[in-house]
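First the structure, in the form of structure tokens, and then the observations on it.
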Amino acid sequence: MKNKIEKLLLQAVATLKTDGVLSHGADPTINIDRTRDPQHGDFASNLALVLAKQAQLNPRVLAEKLIAALPVDPTVTKIELAGPGFINFFIDKSSQFQIIPQILADGPAFGLSKIGAGQKVQVEFVSANPTGPLHVGHGRGAAYGSVVADLLEAVGFDVHREYYVNDAGRQIDILATSIWLRYLEACGEALPFPSNGYRGDYVRDIAWQTHHTGGNDYRRPAEQVLENLPLDEPQGGDKELYIDALIARAKTLLGPTLYRDFFAIGLDAILDDIKDDLHDFGVDYQEWFSERQLMDDGSVEEALGRLRASGHLYERDGAIWFASSQLGDEKDRVVVRENGQYTYFASDIAYHHHKLARGFDLIIDIWGADHHGYIPRVRAAMQALGADDNKLKVLLVQFATLYRGDEKVQMSTRSGEFITLRQLRNEVGKDAARFFYVMRRSEQHMDFDLKLATSKSNENPVFYVQYAHARVCSVLRQLDEKNWERNPNLGLDNLAMLTETHESDLMTTLSRYTETLQKAALNYEPHQVIQYLRELATEFHTYYNAHQFLVDDAKLRNARLNLICAVKQVLANGLHLLSVDTPESM
RNA sequence: GCGCCCGUAGCUCAGCUGGAUAGAGCGCAGCCCUCCGGAGGCUGAGGUCAGAGGUUCGAAUCCUCUCGGGCGCGCCA
């Protein structure tokens with residue numbers, strides 16, 4: 001309908017151009033909004049207000065000319081000039097019924113569109129360091145990222161979901177060494193645990209498991225491990241130097257092969273855990289992309305070579321720097337450290353180089369808000385690689401604060417007292433967790449109330465929406481119990497009987513679904529889908545309360561059943577998009 | 001100090017590519033069950049859109065400044 005009105009307006013603009021009222025030139029963007037007030041009709045355009053200045057006419061005068069130039073269309077019953085120059089369109093009431101057969105025919109495919117067809121998009125999200133289980137901070141990125149990806153797919157984009165695995169850095173060495181020390185403990189060696197090591201129980205679990213299945217292959221005497229080490233922090237030393245010395249010791253004592261094996265055991269254990277966790281959270285990827293692979297196959301060297309060739313690298317203080325400040329960054333960044341090792345940023349340049357080489361039309365990175373300072377240097381790198389950095393879209397996700405009722409849930413990564421995503425799922429369930437995470441704009445700091453998320457009451461929006469779905473199912477069961485058979489065709493023939501305000505409101509809302517998905521997808525705003533579903537659920541509950549569906553008149557009954565089945569379908573499609581279940585009873 | 005995000009009803013938040021009287025849920029005050037699930041619905045009170053300037057026919061929305069809150073400013077990832 002919107003498209004139709006847009007066409008009509010464009011024709012009117014063309015006419016006015018020929019008449020010399022409007023100057024020739026690019027067509028204006030036609031803005032058509034649904035009205036809030038029914039007195040303003042169904043749709044309104046501010047076109048005359050926008051063009052008034054260019055035409056050097058009073059907006060209302062221009063609007064009159066536009067209206068006069070509008071072609072006649074049978075579905076537009078009335079066009080009005082209103083307010084400062086709005087053009088209001090009134091749509092033929094009977095045309096609104098069409099939405100019902102359309103929904104019933106399209107079923108699960110209703111709402112899908114093709115506006116992104118032919119475009120390849122990569123969405124990279126979560127990408128947490130595989131040094132421990134995911135926590136609730138990652139949960140929001142996971143929920144948000146997966147719905148953004150699903151939304152883009154729903155509107156026709158070819159979507160590639162990816163998790164970047166930071167399996168090459170020093171943190172992973174610290175993890176491997178931490179597991180090794182716990183393993184040595186399990187073997188019966190007595191040694192102190194480094195203050196900078198990973199202390200979580202999962203480290204011990206992996207170590208014990210490794211000892212249990214792998215025996216003593218990796219065992220070395222404590223005296224050898226501890227021989228000539230610098231002091232750890234509690235003893236007045238430096239914890240960084242100490243842990244680095246321990247890593248070096250592990251490599252020496254185990255030798256390259258065994259060290260690599262042990263390293264892989266730890267990494268795989270944690271990665272498998274993350275994969276399971278995300279899968280159970282409704283998040284699946286097309287690709288888990290390894291940072292180490294970039295190191296090993298020369299991609300990092302190649303990417304840096306390009307930067308060097310284009311004159312973006314220089315040496316200072318024994319390190320290699322990328323002159324990112326020339327390209328909008330605050331300062332230059334080190335890519336190769338004094339000790340010859342690549343920085344994380346170096347592999348990230350290679351990673352983005354790789355993304356570009358894969359030919360994506362759009363590259364979406366979803367990061368925690370704490371990484372925002374990183375954006376300019378990545379953009380700088382893309383430019384330096386000769387790419388259009390407009391292809392990169394970085395979406396930031398703010399942190400969520402957990403509450404249990406009024407009580408704030410304390411968390412501290414330092415002491416290891418963080419709530420894991422798995423704990424969250426166990427407490428509130430996948431559905432509520434996803435729904436709550438995505439309910440707010442991603443750039444908004446959010447308060448996540450665990451108590452509310454588990455409550456089975458009208459205050460809980462997840463249950464409220466799911467309940468609307470279950471309620472339709474319940475009505476259909478009632479139909480069965482009354483030994484009535486649903487007759488969709490009879491209903492379709494009598495849609496004109498749906499004359500109640502509640503009914504036409506519902507049909508209007510149903511007809512907004514497709515455009516809601518498009519808007520949500522193109523703006524990367526999944527919360528709009530939730531807003532919509534809550535609205536639809538409310539209107540359904542209101543309708544339910546006001547009118548009886550299972551009436552004796554078979555024509556009216558089937559017309560109403562068609563309407564509520566359409567509601568059920570759209571609720572299901574929306575919830576499915578969010579990877580939230582659609583229970584038939586609760 | 002510099003940069004990014006945020007500040008809308010008592011609370012949690014929509015609305016932000018400028019548009020017609022600023023919305024929802026919760027909470028609060030009333031009300032509705034011989035009726036398909038009351039896990040629901042209806043009505044009402046409640047706002048200087050943090051503040052001050054500016055741009056505009058029109059600003060919660062755009063620009064500047066101020067005040068508050070969060071985050072970031074490593075040869076860490």
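Below, read A as the first sequence line, B as the second, and so on, with proteins coming before strands; counting in each chain starts at 1.
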Rounded to whole angstrom units, what separation is found between the OH atom of A:Tyr532 and the P atom of B:A24?
18 Å

When rounded to whole Å, the CG to C1' distance for the pair A:Leu561 and B:C36 reads 10 Å

Under 3.5 Å between N/O atoms: give me all the protein pairs with nucleotides 28-30 of chain B, atom names plus distance.
none

Derivation and outcome, side-chain contact (heavy atoms from CB on, under 4.5 Å), residues A:Tyr532 and A:Thr509
CA-CA 8 Å; A:Tyr532 173 87; A:Thr509 301; 3.7 Å; yes

Reckon A:Thr131 has a side-chain N or O less than 4.0 Å from the OP1 or OP2 of B:A77?
no

Side chain of A:Glu443, heavy atoms from C-beta onward: which of B:G38, B:C5, B:A77 has the nearest atom to it?
B:C5

For A:Glu240, salt bridge (charged side-chain N to carboxylate O under 4.0 Å, His left out) partners two or more places apart:
A:Arg170

Proximity to RNA chain B (any heavy atom under 4.0 Å), residues of residues 372-383 of chain A only:
A:His372, A:Tyr374

Please output the side-chain donor-acceptor pairs of residues 314-323 of chain A that fall under 3.5 Å, not counting sequence neighbours, one pair per line with the distance.
residue  : atom : partner  : partner atom : Å
A:Tyr314 : OH   : A:Arg316 : NH2          : 3.1
A:Tyr314 : OH   : A:Asp332 : OD2          : 2.5
A:Trp321 : NE1  : A:Arg316 : O            : 3.1

Reading nucleotides 10-16 of chain B from 5' to 3' and marking B where a protein heavy atom lies under 4.0 Å of the base, S where only the sugar-phosphate is that close, and - otherwise, the string is --BSSSB

For B:G41, is there a stacking contact with A:Tyr544, counting only centres under 5.5 Å and planes under 30°?
no

List in chain and number order the residues that pass salt bridge (charged side-chain N to carboxylate O under 4.0 Å, His left out) with A:Arg441, two or more places apart in sequence or in another chain; answer none if no residue qualifies.
A:Glu443

Phosphate contact (B:A77 OP1 or OP2) by A:Arg333 side-chain N/O below 4.0 Å:
no

